[in-house]
Amino acid sequence: MIQDAVNNFNNNNFDEAEKVALKILEENSSSNEAVDVLAAIFLKVGKLNFLGHPQPKHLPIIRQIAVMLEDLKTYEHAIICYSKALELDPNDSIAYNNLGLIYEEIENVEKSISCYLKSISIKNNYPADYNLGVLYRKLNDLANSEKYLEKAIALQPLNQYACYALGMTYLKGRNFKKGYPYFLERPIIGKEKLQNIWTGEKHPDKTLLVFCEYGFGDAIMFSRYFSLLKNYFKNIKVCARQALIPLFEKNFPDIEFVPTIINVEYDYSTFLMDLPYRLKLDFDNIPFNEGYLKPDVEKAEKYKKEYFNTDLKKVGIFYVGGELEKRNAKYRAVELKKLEKLFDLKNCKFYSFQVEDIFNELDNFPQIVNLGKTFNDFSDTLAAMKNLDLMITIDSVPVHLAGAIGLKTLLMLPKYSEWRWFSDTSSTPWYNSVEIIKQEKACDWEDVVEKIYNKIKE
């Protein structure tokens, strides 16, 4: 029967395809294929006949279609379906929570908050408390963020994500003491594989293994703590991704770097981002904020001869971060054409540090030197960066590399920034050389570019 629905759809007999798919779902509510057909019809013609007069028996079908459309990021259609579901069941707390997520995604913050609160008023539930707590942190309303994340933890005390989220809320408010114990609970793939977790004591005859658990930027940012570990252990081993190892080996020659923990011998272990807590160094005592990495001199000289033989101001740019599929990743990407005004500055030469030109934008700007294609690992990136006068970047790896060598840097920070940049300020205790230029309106980079333009021009 499903083939009949598909054939009718392919032949543009949408009304008949809808009837057949509905009949299938009324007999077998778990038919994903029938849900696919109905969602496809909705997307194709912008309507489903039965949504005009939904009946109680249609409720589970409407919910399934809504979830499908939400997954496809066709939010307008998903909103219609959830609204119809709520007409049939005004006490559907899950529908209100899902609507909250959609409105948050499309930047309708007021409606998002309203939906989460409505979900909670119907029934105390972890998803709405958690989502509302995370949203309030984005909005810098840390008191309400704490309130709802604490409620989420009360509902699910063992949930790592809620603890992690509450930890980030405290840390964003610079509350190191309250934040880090929660932050330690963050979910990490393979977390259970590390044995004998270090809690900060000195073991002068033992070996410590440090595991770099998250992205490249995190590893570079927190590598500042590596050299301090020699006061606690005889030997230090660090498990890092291969692209980082040449850079780290050059800068920390007395530490052993490995790409995997398999068959690595050690006495104690810790996760990289736990180091501030284990070393008892809070945000008023961040070490080496003037810089802590050095580029390969020979590589830097080679880049200078090949690419930087100019008297113009040398400006690096990085505008699209990785992992764009992640929640909130859209805040870490700027279309290159939105930076176009900068390229008219006559006293500047611009260099792209994008390893991947994800949206094929560089072809439209031949005046920009594409250095990213020359990078094999981060030691190459740092060597090229050493020749710059200024780095302009979104919140991604280059801000940490540039800050780690003390390079003047303008950080294009989104309105909804993560905890490590704390609250609204133009400076950061992590890097003396980094100046923050923060959005006034989410996803609108015009004001940021204008401020950068004026700074360079002056």
Side-chain angles (χ1 to χ4, degrees), residues 130 132-153 160-188 199-200 213-215 217-226 228 270-292 327-328 331-332 393-397 399-400 402-404 406 409-440 442 448:
Y130 172 83
L132 188 53
V134 172
L135 175 56
Y136 274 128
R137 182 176 69 241
K138 281 173 55 177
L139 300 174
N140 256 357
D141 185 344
L142 302 185
N144 268 322
S145 179
E146 291 172 23
K147 172 184 173 181
Y148 286 100
L149 289 172
E150 285 172 353
K151 285 182 63 182
I153 291 172
Q160 291 178 313
Y161 290 93
C163 291
Y164 178 34
L166 181 57
M168 287 192 288
T169 293
Y170 283 129
L171 293 180
K172 189 170 187 180
R174 296 194 185 220
N175 193 330
F176 183 94
K177 188 174 181 179
K178 290 186 73 173
Y180 242 102
Y182 284 104
F183 188 69
L184 297 178
E185 299 300 316
R186 63 195 181 278
I188 301 170
T199 55
E213 69 268 32
Y214 286 145
D218 300 308
I220 294 165
M221 184 180 193
F222 283 80
S223 68
R224 71 182 69 222
Y225 296 98
F226 287 165
L228 303 178
T270 188
F271 294 100
L272 172 72
M273 296 181 74
D274 292 350
L275 290 179
Y277 188 68
R278 303 307 184 195
L279 293 168
K280 298 178 177 60
L281 294 173
D282 62 20
F283 301 136
D284 294 323
N285 298 283
I286 296 175
F288 309 116
N289 47 19
E290 75 284 356
Y292 49 92
R327 185 180 181 182
N328 296 334
Y331 301 126
R332 298 170 62 232
T393 178
I394 56 154
D395 180 9
S396 195
V397 177
V399 69
H400 302 294
T409 302
L410 298 178
L411 170 59
M412 299 184 289
L413 197 65
K415 179 178 176 64
Y416 304 137
S417 57
E418 62 173 349
W419 72 265
R420 77 187 71 200
W421 305 115
F422 305 122
S423 55
D424 296 327
T425 177
S426 62
S427 62
T428 168
W430 298 101
Y431 304 108
N432 292 345
S433 65
V434 172
E435 180 179 355
I436 295 173
I437 314 292
K438 192 167 186 176
Q439 280 181 343
E440 295 177 7
V448 173

S145 to G133 - nearest heavy-atom pair and separation
OG-O, 2.7 Å

Do K438 and V448 have side-chain heavy atoms sitting under 4.5 Å apart?
no

Assert yes or no for the condition that the ring centre distance of F183 to Y180 is strictly below 6.0 Å.
yes

For A402 and S433 the tightest heavy-atom approach is O-OG, 4.1 Å

Roughly how far, to the nearest 0.5 Å, is the CE atom of M221 from the CZ atom of R420?
5.0 Å

side-chain contact (heavy atoms from CB on, under 4.5 Å) partners of T425, counting only residues at least two apart
S427

Shortest non-hydrogen pair, P181 vs F176, comes out as CD-O, 4.3 Å

Pairwise distance CG(L139) to CG(D141) - rounded to 0.5 angstrom
7.0 Å

Is it true that N289 and W430 share a donor-acceptor pair across their side chains at a distance under 3.5 Å?
no

Here the salt bridge (Lys or Arg N to Asp or Glu O under 4.0 Å) pairs for residues 178-188, sequence neighbours left out, are R186-E213, R186-D274

For the CZ atom of R137 and the CG atom of N144, what is their distance to the nearest 0.5 Å?
13.5 Å

Above 12 or not: heavy atoms from other molecules or residues under 6.0 Å from CZ of F283?
yes

Closest approach of T169 and L142, non-hydrogen atoms and distance?
CG2-O, 3.8 Å

By side chain to side chain donor-acceptor pair (under 3.5 Å), K172 pairs with (sequence neighbours left out) N140

Cation-pi check for F288 against R224: NZ or CZ below 6.0 Å from the six-membered ring centre and within 45 degrees of the axis, yes or no?
no

CD1 on I153 to OH on Y148, rounded to 0.5 Å:
15.0 Å

Please round to the nearest 0.5 Å and tell me the distance separating atom CG of L132 and atom CG of L135.
6.5 Å

Looking at every heavy atom in both Y214 and M273, which two are closest together, and how far apart are they?
CD1-SD, 3.5 Å

Between atom CD1 of I437 and atom CD of E440, what is the distance when rounded to the nearest 0.5 Å?
11.0 Å

Closest approach of P187 and Y164, non-hydrogen atoms and distance?
CD-CD2, 3.7 Å

Is any side-chain heavy atom of M412 closer than 4.5 Å to a side-chain heavy atom of T393?
no

Is it the case that R278 places NZ or CZ above or below the six-membered ring of F271, under 6.0 angstrom from the centre and within 45 degrees of the axis?
no

